[in-house]
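Notes follow once the structure below has been shown.
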Amino acid sequence: MIIEVETINSFSKLELLKEVYGLIWILPILTLLLGITIEVLVIVWLEREISASIQQRIGPEYAGPLGLLQAIADGTKLLLKEDILPSRGDIPLFSIGPSIAVISILLSFLVIPLGYRFVLADLSIGVFLWIAISSIAPIGLLMSGYSSNNKYSFSGGLRAAAQSISYEIPLTFCVLAISLLSNSSSTVDIVEAQSKYGFWGWNLWRQPIGFLVFLISSLAECERLPFDLPEAEEELVAGYQTEYSGIKYGLFYLASYLNLLVSSLFVTVLYLGGWNLSIPYISFFGFFQMNKIMGILEMLIGIFITLTKAYLFLFISITIRWTLPRMRMDQLLNLGWKFLLPISLGNLLLTTSSQLVSL
Amino acid sequence: MSEFAPICIYLAISLLVSLIPLGVPFPFASNSSTYPEKLSAYECGSDPSGDARSRFDIRFYPVPILFIIPDPEVTFSFPWAVPPNKIDLFGSWSMMAFLLILTIGSLYEWKRGASDRE
């Protein structure tokens with residue numbers, strides 16, 4: 001009897017340990033989520049300010065200093081709006097669609113190293129997990145397009161699915177070439193492999209074709225101009241989001257900006273050396289390992305560098321959005337299947353042969 | 001296995017983050033003046049005609065069909081690309097043969113016009 005009680009006690013202790021182990025992980029996750037939210041608000045503000053200055057307007061200026069609170073005001077308004085459910089639509093699918101799009105993109109942040117070895121899950125299959133997860137998003141878009149029972153939404157959903165499917169293959173080929181070069185799929189290892197010769201060690205110089213293909217396909221995956229066919233305002237009213245109102249529309253908005261953030265972070269990680277300062281012969285990471293405060297400082301510097309590089313790409317894609325016209329659907333698919341796919345396949349073959357020569 | 005623990009927790013938290021906002025509007029938003037036209041599908045102001053889930057363009061079909069072939073191929077290439085120095089010349093060349101077969105297939109498909117959108 002006593003033995004039995006003891007085993008039960010030890011069992012409960014084990015459970016408690018597991019809970020504590022879980023609690024240890026919750027804090028960084030919540031910090032990461034908070035950081036992501038703030039970054040999305042900053043991106044929305046940046047996009048509005050940059051588009052205003054491109055079009056010689058003033059942009060947001062009333063909400064807060066320089067209109068900084070504009071995105072928060074918009075989000076709060078969307079939260080308090082009425083949730084309109086179309087009468088002939090499929091309500092469960094209609095409600096879940098935007099959430100699936102958001103979840104699949106939020107999960108991509110798991111494997112992005114923001115600072116020096118500062119990553120939620122340093123998996124050996126990091127980039128592969130990202131590719132696998134990011135292909136869930138078109139299912140959400142297709143679901144919302146189908147369930148709205150609206151012709152515009154339906155064609156928007158179909159276009160979104162076709163587009164993200166056809167641009168996923170060049171993107172994956174580029175990532176495959178990168179993991180061939182650095183002999184690892186872990187994002188941390190990929191960044192470490194680029195840390196040797198400052199900015200001359202970036203994968204950008206070893207994979208220039210792959211870099212361009214990755215940039216174009218990630219723009220297409222984000223469904224931004226010149227590839228925003230699924231939500232082309234002039235043809236389909238708003239594509240798959242036509243029937244959405246209130247916070248569900250807000251979730252789609254959030255998903256598009258999260259996607260933009262993820263792809264610019266991945267451009268940084270895969271091609272621009274991630275958290276490294278990237279000035280030749282200067283590397284201060286690893287020196288201050290003995291001191292805890294210096295370790296935190298080091299991490300903060302790493303995060304700052306990563307975000308600076310990522311915001312450079314955000315700036316580029318925002319400027320592209322406000323300067324280029326939209327493509328046609330057949331041009332889009334031809335670019336994907338007849339230009340980017342052969343080029344990225346050739347790039348992969350080149351990389352493989354160079355690896356073979358060096359073997 | 002422990003490296004997948006944060007993934008599970010993060011999955012649960014992101015589920016919460018994306019599902020909780022769906023319930024937030026209920027206490028605040030008014031739902032009083034609902035009339036049938038408001039809930040009907042938007043077709044630029046006129047009454048919606050017919051069901052939206054009808055036939056659609058055949059050109060949307062070849063895209064997923066063509067996608068099915070390269071995508072598992074890329075997936076199987078990842079285990080080949082990653083381990084350093086564990087795959088020798090034979091392994092590399094057999095993968096090259098695989099890629100060559102795929103290239104021939106896509107060239108054939110291109111010549112037959114399966115990827116034309118006109």
Side-chain angles (χ1 to χ4, degrees), chain A residues 21-22 25-26 29 33 79-88 95 99 102-103 106-107 110 120-123 128 146 148-155 158 162 165-166 168-169 172-173 176 179-180 183-185 237 242-243 246-248 250-251 329-330 333-334 337-338 345 349 352 356 359, chain B residues 2-7 9-11 13-15 17-19 21-22 24-26 28-31 36 38-44 48 51-53 56-57 59-60 63-64 66-67 70-71 74-75 77-78 81-85 88-89 92-93 95-96 99 102-103 106 110 115-118:
Chain A
Y21 186 66
W25 277 105
I26 282 175
I29 288 173
L33 280 178
L79 260 182
L80 303 181
K81 283 282 174 184
E82 183 188 344
D83 189 19
I84 299 176
L85 303 167
S87 53
R88 296 170 63 205
S95 308
S99 303
V102 171
I103 288 171
L106 266 184
L107 280 180
L110 264 174
L120 264 187
D122 180 17
L123 298 176
F128 191 64
Y146 176 79
S148 300
N149 208 347
N150 178 331
K151 281 152 200 154
Y152 300 118
S153 304
F154 190 50
S155 13
L158 283 177
I165 276 178
S166 31
E168 199 176 301
I169 299 170
T172 321
F173 273 131
L176 187 61
S179 56
L180 251 176
N183 276 327
S184 170
S185 301
V237 178
T242 308
E243 288 292 320
I247 193 59
K248 286 176 190 163
L251 282 181
M329 192 66 195
D330 60 322
L333 291 176
N334 278 345
W337 288 99
K338 294 189 172 173
L345 194 62
L349 289 179
T352 320
L356 270 182
L359 202 68
Chain B
S2 65
E3 60 187 356
F4 287 93
I7 296 182
I9 298 165
Y10 190 71
L11 180 63
I13 289 179
S14 60
L15 268 172
V17 164
S18 53
L19 287 178
L22 297 185
V24 171
F26 283 109
F28 303 109
S30 68
N31 221 349
K38 186 177 175 181
L39 300 181
S40 70
Y42 174 76
E43 285 191 11
C44 303
D51 197 71
R53 297 158 188 159
F56 57 89
D57 202 335
R59 285 177 287 175
F60 283 112
V63 177
L66 293 180
F67 168 75
D71 197 49
V74 176
T75 311
S77 310
F78 264 96
V82 167
N85 309 323
D88 50 355
L89 276 175
S92 302
W93 282 112
M95 197 64 196
M96 288 298 230
L99 282 178
L102 189 87
T103 315
S106 37
W110 191 337
S115 52
D116 287 339
R117 315 289 155 198
E118 287 307 313

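Quick note: numbers below take in every heavy atom, side chains included, and nothing from hydrogens, waters or symmetry partners. Proteins get letters first, then strands, A, B, ... in listed order; numbering begins at 1 in each.
In terms of heavy-atom pairs under 4.5 angstrom with chain B, the leader among A:Val102, A:Val237, A:Leu110 is A:Leu110. For chain B, the option among A:Ile169, A:Leu79, A:Ile103, A:Leu158 with the highest count of heavy-atom pairs below 4.5 Å is A:Leu158. Comparing B:Asp71, B:Leu19, B:Leu11 by heavy-atom pairs within less than 4.5 Å of chain A, the highest count is held by B:Leu11. Here A:Leu107 is the residue among A:Leu107, A:Ile84, A:Thr172 with the most heavy-atom pairs under 4.5 Å with chain B.
For A:Ser155 (side chain) and A:Lys151 (main-chain N/O), a donor-acceptor pair under 3.5 Å exists by modelled atom type.
Put simply, the side chain of B:Met96 reaches to within 4.5 Å of the side chain of A:Leu349, judged on heavy atoms. Residues A:Ser99 and B:Leu22 are in side-chain contact: their nearest non-hydrogen atoms beyond the backbone lie under 4.5 Å apart.
Using a 4.5 Å cut-off between heavy atoms, A:Tyr146 touches chain B through backbone and side chain atoms alike. Heavy atoms closer than 4.5 Å to chain B are found in both the backbone and the side chain of A:Ser185. Both the backbone and the side chain of A:Leu176 come within contact range of chain B, judged by heavy atoms closer than 4.5 Å. Contact annotation for B:Leu99: only side-chain heavy atoms (C-beta onward) come within less than 4.5 Å of a heavy atom of chain A.
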What's the verdict on side chain to side chain contact (heavy atoms under 4.5 Å, CB included) for A:Leu106 and A:Leu33, showing C-alpha distance, side-chain angles and the deciding distance? CA-CA 9 Å; A:Leu106 266 184; A:Leu33 280 178; 3.9 Å; yes
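Heavy-atom contacts from other residues, nucleotides or ligands closer than 6.0 Å to OH of B:Tyr10 number more than 12.
In this structure, the separation between OG1 on B:Thr103 and CH2 on B:Trp110 is 12.0 Å, given to the nearest 0.5 Å.
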